[in-house]
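All remarks here apply to the structure that follows.
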Amino acid sequence: MIETRLLYYFQAVAREKNITKAAQSLHVTQPTLSKQMMELEEQLGCKLYNRSKRGLTLTEEGTYLQSKANDILNLINNVENTFSSNNQILSGDINIACGETAVMETILEIFKEFQQKNPDVKLHIYSGNANSVLKRLDSGLADIGLLL
């Protein structure tokens, strides 16, 4: 099983495209981070990065992991926020997955009014086709799904 910490480390390396810079941003040593990334590649049985003098680029597998790591880490943050939120003030994140429909303009106006009344609530909108909206709902990455 992949540890959450390794996903954060992987995301930092992918973002920085450089092990040394990622290590600095994570406040760990470069050898530690390099070892962790090699162990992650070994655990998954694939190469996640192409290394060159100009930095790192993600392999196809690395790009896939980056996408899934984003989803996993967002889901973990949503769960943590749900349990740590103060019930006195409406706050937190609401993830909405929706298809491109003719009523989106009206829906966005409603969201705008809602957010003005509840500034501590962050609305995250994902746009996709019906299958991707349903997948996000099924995996818990979306709180609300809007479909035709």
Side-chain angles (χ1 to χ4, degrees), residues 1-28 30 33 36-37 39-41 43-52 54-148:
M1 181 181 294
I2 300 172
E3 295 178 39
T4 307
R5 172 182 48 83
L6 292 179
L7 294 177
Y8 282 110
Y9 284 6
F10 172 78
Q11 291 294 65
V13 173
R15 179 180 60 251
E16 298 292 340
K17 296 178 176 46
N18 181 292
I19 295 275
T20 302
K21 289 180 184 177
Q24 290 170 347
S25 74
L26 293 166
H27 306 290
V28 298
Q30 182 272 327
L33 183 57
Q36 295 292 311
M37 291 300 95
E39 288 176 4
L40 179 61
E41 288 178 322
Q43 182 180 357
L44 295 174
C46 64
K47 190 175 171 182
L48 300 172
Y49 306 100
N50 290 314
R51 294 154 178 88
S52 71
R54 291 187 278 157
L56 302 172
T57 57
L58 293 177
T59 62
E60 187 176 327
E61 292 86 356
T63 301
Y64 176 80
L65 179 60
Q66 183 181 34
S67 169
K68 295 305 175 188
N70 281 335
D71 292 344
I72 291 165
L73 296 174
N74 285 336
L75 184 58
I76 289 169
N77 287 334
N78 289 344
V79 170
E80 288 174 346
N81 288 339
T82 298
F83 285 100
S84 67
S85 66
N86 180 349
N87 292 332
Q88 302 298 322
I89 298 173
L90 190 57
S91 65
D93 293 275
I94 300 174
N95 292 286
I96 303 161
C98 56
E100 293 293 325
T101 68
V103 297
M104 279 309 297
E105 191 172 326
T106 305
I107 291 169
L108 289 174
E109 285 299 318
I110 293 168
F111 289 164
K112 183 178 177 181
E113 287 178 36
F114 175 83
Q115 197 145 41
Q116 286 173 345
K117 292 177 184 175
N118 303 283
D120 292 330
V121 175
K122 294 181 187 120
L123 297 174
H124 305 277
I125 300 173
Y126 170 82
S127 177
N129 64 24
N131 286 336
S132 64
V133 169
L134 290 172
K135 283 180 184 177
R136 290 185 85 79
L137 284 168
D138 289 341
S139 67
L141 293 171
D143 302 308
I144 300 168
L146 303 173
L147 299 168
L148 283 177

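Position 1 is the first residue of the sequence; numbering continues from there.
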- prompt: Which heavy atom of Gln43 sits nearest a heavy atom of Ile2, and at what distance?
  reply: NE2-N, 3.5 Å

- prompt: If you round to the nearest 0.5 Å, how far is NZ of Lys17 from CG of Leu56?
  reply: 9.5 Å

More than 12 heavy atoms of other groups within 6.0 Å of Glu60 CD: no

message: Whether the side chain of Asn95 engages the backbone of Asp143 through a donor-acceptor N/O pair (distance < 3.5 Å, no angle test) should be reported.
response: no

message: Using a 3.5 Å distance criterion without hydrogens, assess whether the side chain of Gln30 forms a donor-acceptor pair with backbone atoms of Thr20.
response: no

statement: For Arg15, the salt bridge (Lys or Arg N to Asp or Glu O under 4.0 Å) test, sequence neighbours excluded, returns none

Show every donor-acceptor pair shorter than 3.5 Å between a side-chain atom in residues 128-142 and any protein atom, with sequence neighbours excluded, or say none if there are none.
{"from": "Asn129", "atom 1": "OD1", "to": "Asn131", "atom 2": "N", "distance (Å)": "3.2"}
{"from": "Asn129", "atom 1": "OD1", "to": "Ser132", "atom 2": "N", "distance (Å)": "2.9"}
{"from": "Asn129", "atom 1": "OD1", "to": "Ser132", "atom 2": "OG", "distance (Å)": "3.2"}
{"from": "Ser132", "atom 1": "OG", "to": "Asn129", "atom 2": "N", "distance (Å)": "3.1"}
{"from": "Ser132", "atom 1": "OG", "to": "Asn129", "atom 2": "O", "distance (Å)": "2.9"}
{"from": "Ser139", "atom 1": "OG", "to": "Lys135", "atom 2": "O", "distance (Å)": "3.0"}
{"from": "Ser139", "atom 1": "OG", "to": "Arg136", "atom 2": "O", "distance (Å)": "3.3"}

- line: One should read off an interatomic distance between Glu41 CD and Met37 CE, to the nearest 0.5 angstrom, of 8.5 Å

query: Roughly how far, to the nearest 0.5 Å, is CG of Asp93 from CD of Glu80?
result: 11.5 Å

task: For residues Ala23 and Leu33, report the shortest heavy-atom separation together with the two atoms involved.
output: N-CD2, 3.4 Å

statement: By salt bridge (Lys or Arg N to Asp or Glu O under 4.0 Å), Glu61 pairs with (sequence neighbours left out) none

field: Spacing of CD1 belonging to Ile94 relative to CZ belonging to Phe111, to within rounding of 0.5 Å
entry: 8.5 Å

field: Spatial distance of atom CG (Leu58) from atom CZ (Phe10) [nearest 0.5 Å]
entry: 5.0 Å

- prompt: If you round to the nearest 0.5 Å, how far is CG of Leu40 from CG of Leu48?
  reply: 5.5 Å

message: So which atom in Ala12 and which in Ser25 form the shortest heavy-atom distance, rounded to 0.1 Å?
response: CB-OG, 4.2 Å

query: So do the side chains of Val28 and Tyr9 get within less than 4.5 Å of each other, counting heavy atoms only?
result: yes

- line: Tightest non-hydrogen contact, residues Leu123 and Gln115, listed as N-NE2, 3.5 Å

message: Show the nearest heavy-atom pair for residues Leu26 and Tyr8, with the distance to one decimal.
response: CD2-O, 4.4 Å

What pairs of donor and acceptor atoms, side-chain ones from residues 62-72 against any protein atom, are under 3.5 angstrom apart with sequence neighbours left out?
{"from": "Thr63", "atom 1": "OG1", "to": "Thr59", "atom 2": "O", "distance (Å)": "3.1"}
{"from": "Asn70", "atom 1": "OD1", "to": "Gln11", "atom 2": "NE2", "distance (Å)": "2.3"}
{"from": "Asn70", "atom 1": "ND2", "to": "Gln66", "atom 2": "O", "distance (Å)": "3.4"}

task: Taking the side chain as every heavy atom from C-beta outward, state whether Ile125 and Cys98 have any pair of such atoms under 4.5 Å apart.
output: yes

- prompt: Can you name the closest pair of heavy atoms from Asn18 and Lys21 and give their distance?
  reply: OD1-N, 2.9 Å

- prompt: Listed by chain and number, what are the salt bridge (Lys or Arg N to Asp or Glu O under 4.0 Å) partners of Arg54, not counting sequence neighbours?
  reply: none

- request: Under the side-chain hydrogen bond (donor to acceptor under 3.5 Å, both in side chains) rule, collect the residues that match up with Gln24, sequence neighbours excluded.
  value: none

